[in-house]
Amino acid sequence: MMPALSSTMKEGKISSWLVGVGDKVDAGDMLLVVESDKADMDVESFEDGYVAKILVGEGEVATVGAPVALLARTEDEIAAVAASGGGAAAAAPAPA
């Protein structure tokens with residue numbers, strides 16, 4: 001989900017994705033760079049898994065709390081999670 005990077009942040013613009021679909025991520029890995037109302041910040045994953053689908057592309061804006069990507073728990077679940085919209089996965093990254 002798009003995290004709130006400041007107390008006044010209502011939405012964030014994704015400057016760049018540091019991972020792609022199919023990439024394995026561990027909790028603590030940097031996933032994307034978000035441009036907020038105050039600064040650009042790296043956003044980390046709070047879950048282990050595989051990037052199944054990127055929902056908000058580079059240059060696009062998401063409101064705080066909106067899903068920006070989907071994670072599959074295993075590599076075998078990537079296609080199913082991407083097709084289902086995330087029924088078996090958690091949205092990533094989760095807010096701190």
Side-chain angles (χ1 to χ4, degrees):
M1 290 191 211
M2 175 63 72
L5 302 175
S6 73
S7 62
T8 60
M9 183 175 164
K10 303 288 184 216
E11 63 185 18
K13 179 179 177 182
I14 296 180
S15 298
S16 64
W17 279 96
L18 306 176
V19 297
V21 172
D23 288 352
K24 180 172 184 351
V25 297
D26 295 314
D29 287 352
M30 294 301 146
L31 298 178
L32 64 148
V33 179
V34 172
E35 180 183 323
S36 73
D37 56 340
K38 305 229 185 258
D40 289 1
M41 297 187 70
D42 293 342
V43 177
E44 68 181 57
S45 176
F46 290 91
E47 303 283 335
D48 296 337
Y50 293 83
V51 178
K53 187 173 188 177
I54 292 175
L55 302 174
V56 182
E58 292 181 359
E60 295 180 342
V61 174
T63 57
V64 169
V68 295
L70 302 175
L71 287 184
R73 291 185 190 116
T74 68
E75 193 171 13
D76 293 336
E77 294 177 344
I78 292 172
V81 170
S84 71

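Sequence positions, counted from 1, serve as the residue numbers for this chain. Given the structure is predicted, the values throughout are model-derived calculations rather than measurements. Quick note: numbers below take in every heavy atom, side chains included, and nothing from hydrogens, waters or symmetry partners.
Interatomic distance, CD1 of Ile78 versus CZ of Arg73, reported as 13.5 Å (0.5 Å rounding). Annotation: the span from Glu75 atom CD to Asp23 atom CG amounts to 10.0 Å, rounded to 0.5 Å. A distance of 11.0 Å separates CG of Leu55 from CE of Met2, quoted to the nearest 0.5 Å.
Taking 4.5 Å as the limit, some side-chain heavy atom of Asp40 sits within range of a side-chain heavy atom of Glu35. The shortest side-chain heavy-atom distance between Asp42 and Val33 falls under the 4.5 Å cut-off. In this structure the side chain of Leu31 never reaches within 4.5 angstrom of the side chain of Leu18, judged on heavy atoms. When side chains are defined from C-beta on, Glu60 does not count as touching Ile14, because their heavy atoms never get closer than 4.5 Å.
Across all their heavy atoms, Val34 and Gly12 have their closest contact at CG1-CA, 3.9 Å. Heavy atoms only, all atoms of each residue included: Val64 and Met9 are closest at CG2-O, 3.5 Å. In this structure, Ala82 and Ala52 approach most closely via the heavy-atom pair CB-O, 3.4 Å. Taking both residues in full, the closest heavy atoms of Ala62 and Val56 are given as CB-CG2, 4.1 Å, listed atom of the first, atom of the second, then distance.
For Lys10, the NZ atom counts as loosely surrounded, since its 6.0 Å shell holds 12 or fewer non-hydrogen atoms of other residues, nucleotides or ligands.
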Apply side-chain contact (heavy atoms from CB on, under 4.5 Å) to the pair Leu71 and Val51, showing each step before the final yes or no.
CA-CA 5 Å; Leu71 287 184; Val51 178; 4.1 Å; yes
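At a threshold of 4.5 Å between side-chain heavy atoms, the hydrophobic network of Ile, Leu, Val, Met, Phe, Trp and Tyr places Trp17 and Leu5 in one connected group. Residues Val25 and Val21 are members of one and the same hydrophobic cluster, defined by side-chain heavy-atom contacts under 4.5 angstrom among Ile, Leu, Val, Met, Phe, Trp and Tyr. In this structure, Val81 is not a member of the same hydrophobic cluster as Tyr50, with clusters built from ILVMFWY side-chain heavy atoms closer than 4.5 Å.
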